[in-house]
2 protein chains.
Amino acid sequence: MAIREIPYKIYLSESEIPTAWYNVRADMKNKPAPLLNPGTHQPMTAEELSQVFCADLVAQELDNDTAYIPIPQEIQDFYRMYRPSPLVRAYCLERKLQTPARIYYKFEGNNTSGSHKLNSAIAQAYYAKKQGLTGVTTETGAGQWGTALSMACAYLGLDCKVYMVKVSYEQKPFRREVMRTYGASVTPSPSMTTRVGQKILAEHPGTTGSLGCAISEAVEAAVTQPGYRYVLGSVLNQVLLHQSVIGLEAKAALDKYGVKPDIIIGCAGGGSNLGGLISPFMGEKLRGEADYRIIAVEPASCPSFTRGVYAYDFADTGMVCPLAKMYTLGSDFIPAPNHAGGLRYHGMSPILSQLYDDGLMEAVAVPQTAVFEAAELFARVEGILPAPESSHAIRAAIDEALRCKETGEEKTILFGLTGTGYFDMVAYEKYHDGLMSDEVPTDEQLALFRARLPKVD
Amino acid sequence: MAIREIPYKIYLSESEIPTAWYNVRADMKNKPAPLLNPGTHQPMTAEELSQVFCADLVAQELDNDTAYIPIPQEIQDFYRMYRPSPLVRAYCLERKLQTPARIYYKFEGNNTSGSHKLNSAIAQAYYAKKQGLTGVTTETGAGQWGTALSMACAYLGLDCKVYMVKVSYEQKPFRREVMRTYGASVTPSPSMTTRVGQKILAEHPGTTGSLGCAISEAVEAAVTQPGYRYVLGSVLNQVLLHQSVIGLEAKAALDKYGVKPDIIIGCAGGGSNLGGLISPFMGEKLRGEADYRIIAVEPASCPSFTRGVYAYDFADTGMVCPLAKMYTLGSDFIPAPNHAGGLRYHGMSPILSQLYDDGLMEAVAVPQTAVFEAAELFARVEGILPAPESSHAIRAAIDEALRCKETGEEKTILFGLTGTGYFDMVAYEKYHDGLMSDEVPTDEQLALFRARLPKVD
């Protein structure tokens, strides 16, 4: 096949944007474990979940059976503003690596939120609006999710309250300013606006906050204010459902050219991007129609899959959220400072955890410096400055392509390029100045956090 | 016509990317005035220009006759990495304004340089490489051009030396860091690395630099180092030629749907975006085949078209560059602090200056606060955070659309959305905090600078 037969970028037409999300749970023999009430350890009911989440989203969260869930027209219209996203053939990267492998990436960064997070933000905001709510609350660490949600809320005329981890709030004033441009109110967490924030500040006056703490504040703000619900950008089943649009588009684009990937790679923090990208491929695998190697890539500093355990754990620091069964490092595990803010979560999507436990996917942990080496190489040859999170997938894709170079195999690699790094230049600067840390937790540290996991029969 | 017949985004296929640039000079009855030797006031010869610029680019600079100049295959390949750029129908903006006008914008911001500058950067870097040069030098103010050139040079393996206005270097460390990621060396200007820099620093020890000064340093660095030439991101005829790819794509996309714009709008600093966007439309107008209203939008703080004079002037502060006949405010005019760094140039493209003088286009100056109002409105409804420069065009497009609302006219408006504002959040912050200045020069100030224009017979 002549190299030019496949274009640099495969764009679907707008009429080919998926009109239904694909729910991989419908094809899973072993369903993900249910969320548990943290007090009673009984499965959370729809009624209990509806205190925190919108009703339609609760239904999606609990639906393990419906394979295709229609995308409401209003969400389809919003998707048309920035979708379909391009599936790119990485000709320049292949040439640079001199690999016989064929590399494709699904690029989700060409929208102002800078990442794939917008796919679920608009869905969650839409259902909140449909329910007649005034607004939503959420937390944000690196800021991609908060930005995406601000955009979705601005579009729908919904109030948006973001609790931003204090250290990010101070170090990333530009992310905060983008959210302000979209009309969101951004509060550094912990704050005096919630009881849980007041309590944490009283106990740790100088704290710079954490994601787990910001989650607790956002949940409290949602349940104590009439007309508000809480929304979350990753981990949950509903989020993976919305993100299936990534994989559905990628598969449709590849199918157009008769291309079947051998290896599918995605970075994994809470699992939203990876879960979305792989969903239709995993569906084929689960139904015995095709086989794929599927690889989750995580930072060596926060290795939930590769060094965590599969157990029920708290989703947040304040322990107000339901218990989730997932690969976890323990809810009070704090990774060493790294620059992939979106990959610092202690746990992992329950869906992906079950699939991993069933041996249906692999995981690899990569050190930070090697990730930035891959990021810079990619930026120079492919012309896109990747986010640190996305660069974990680039690192793994390059490693696989180099393996093909050794063996001479012409494998087809597909990876998810979740976003751009325009707000991460402090991280790039540290890399250029040789100040990047490759610190990883010791076995002793991990054992300590593991011992504190809640006891669930 | 049903609203859905035209998609949100019209993408050409890669095979429809133009294979030749269009040179509007070929259709101009009154050609732009030639560049003059600053010493002799005689037209610059190709030989003289070749001291500073690459040979092939000199030929393009002087070619007033060839209508279509083929785009070399290597540049076409690079264009495929980020082109064709989308032509967007601004359905959401139309709905928000409740205007009967139909609004389209050509979006050039979906590449890592964040603007249209990459279209000419790759062309200029390509010809430098073809000539066997080691590298190129340039200046950058806001940073878009420097970033674009760094990307092009990284792709071709060419050295890239950027002189960055010192105040930008200090206030925009992230822009600098992106250039570093692409392997460019970035020097704050004025610097001790050039004689002109040393001279300026001796005379003004505390100066924070200016674009005119950085140009002088970059030119000196090019002519004193073997294997280097100077490249420039705007103003020149060659740059408008390369940027014609914007207009050619926009016209091809509109033609597909039988759409003819009534009004074409672009922001104008040196004129690269506007000149590129309008070129094929202006060609039709010059040949009497069609008529369009064409509007240049400039900041009220730097009103070259609307309050300048059409005269020969220096292109740089150090007065080492050729004289250009253009609409100018005087080469030592410094606009009041504003946030559209790409629109702070004292002069204007000689091609656009001639077209404006011949009454073939209009110009309008807009105050800064009104520009940011338009920017924020646009970001919220269209989902793209625009650069301050681009937002000048948005302001004018909104004003025209609101006029249509008053009169009931269903005009079709096309504007150029040159780039994204991810590195301009300090400006947005000032706007949100009510600290934006709308200062404009007084008539007395303008008269003062006008009196210092060089005398050319």
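Numbers restart at 1 for each chain; the letters A, B, ... are given by sequence-line order, proteins then strands.
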For this session: Identify which one of B/E108, B/E14, B/Q76 satisfies the side-chain hydrogen bond (donor to acceptor under 3.5 Å, both in side chains) criterion when paired with B/R83.
Result: B/E108
Seminar exercise, completed: Under 4.5 Å to a heavy atom of chain B? For A/N110 that would be both
For this session: Identify which of A/Y182, A/Y428, A/Y431 forms the greatest number of heavy-atom pairs closer than 4.5 Å to chain B.
Result: A/Y182
Exercise. In terms of heavy-atom proximity below 4.5 Å to chain B, should A/V426 be classed as side chain, backbone, both, or neither?
Worked result: both
For this session: Indicate yes or no: does A/D424 engage A/K430 in a salt bridge with an N to O separation below 4.0 Å.
Result: no
Seminar exercise, completed: The interface call for A/T420 against chain B, heavy-atom contacts under 4.5 Å, is neither
Exercise. Going through the checks in order, is the ring pair (Phe, Tyr, Trp, His ring centres under 6.0 Å) test met by B/Y105 and B/F415?
Worked result: CA-CA 5 Å; B/Y105 55 93; B/F415 73 90; 5.4 Å; yes
For this session: Name the region of A/R176, side chain, backbone, both or neither, that has any atom closer than 4.5 Å to a heavy atom of chain B.
Result: side chain
For this session: Please report the C-alpha distance between A/D159 and A/C153 in whole Å, then the side-chain angles of each, then the deciding distance to 0.1 Å, and finally whether the side-chain contact (heavy atoms from CB on, under 4.5 Å) criterion is met.
Result: CA-CA 6 Å; A/D159 188 40; A/C153 288; over 6 Å; no
Seminar exercise, completed: Scanning both residues in full, the closest heavy-atom pair of A/L158 with A/A128 reads CD2-CB, 3.9 Å
For this session: Go through the steps to decide whether B/Q368 and B/N338 satisfy the test side-chain hydrogen bond (donor to acceptor under 3.5 Å, both in side chains), and finish with yes or no.
Result: CA-CA 7 Å; B/Q368 189 163 230; B/N338 70 34; 5.1 Å; no
For this session: Using the six-membered ring of A/Y8, assess whether NZ or CZ of A/R89 lies under 6.0 Å from its centre and within 45 degrees of the ring axis.
Result: no
Exercise. What part of A/F423 gets closer than 4.5 Å to chain B, counting heavy atoms only: side chain, backbone, both or neither?
Worked result: side chain
For this session: Would you check, one step at a time, whether the test side-chain hydrogen bond (donor to acceptor under 3.5 Å, both in side chains) holds for B/S168 with B/Q171?
Result: CA-CA 5 Å; B/S168 293; B/Q171 287 182 356; over 6 Å; no
Exercise. Between B/Y155 and B/F78, what is the ring plane arrangement, given parallel below 30°, perpendicular above 60°, and tilted in between?
Worked result: perpendicular
Exercise. Can you say whether A/E429 sits under 4.5 Å from chain B via the side chain, the backbone, both, or neither, judging by heavy atoms?
Worked result: both
For this session: Pull out the residues in residues 371-388 of chain A that come under 4.5 Å of chain B, heavy atom to heavy atom, sorted by number.
Result: A/E376, A/A379, A/R380, A/V381, A/E382, A/G383, A/I384, A/L385
Exercise. Just checking, any donor-acceptor pair under 3.5 angstrom between side chains of A/R175 and A/T147?
Worked result: yes
Problem set entry | Region of A/Y82 that comes under 4.5 Å of a non-hydrogen atom in chain B | backbone
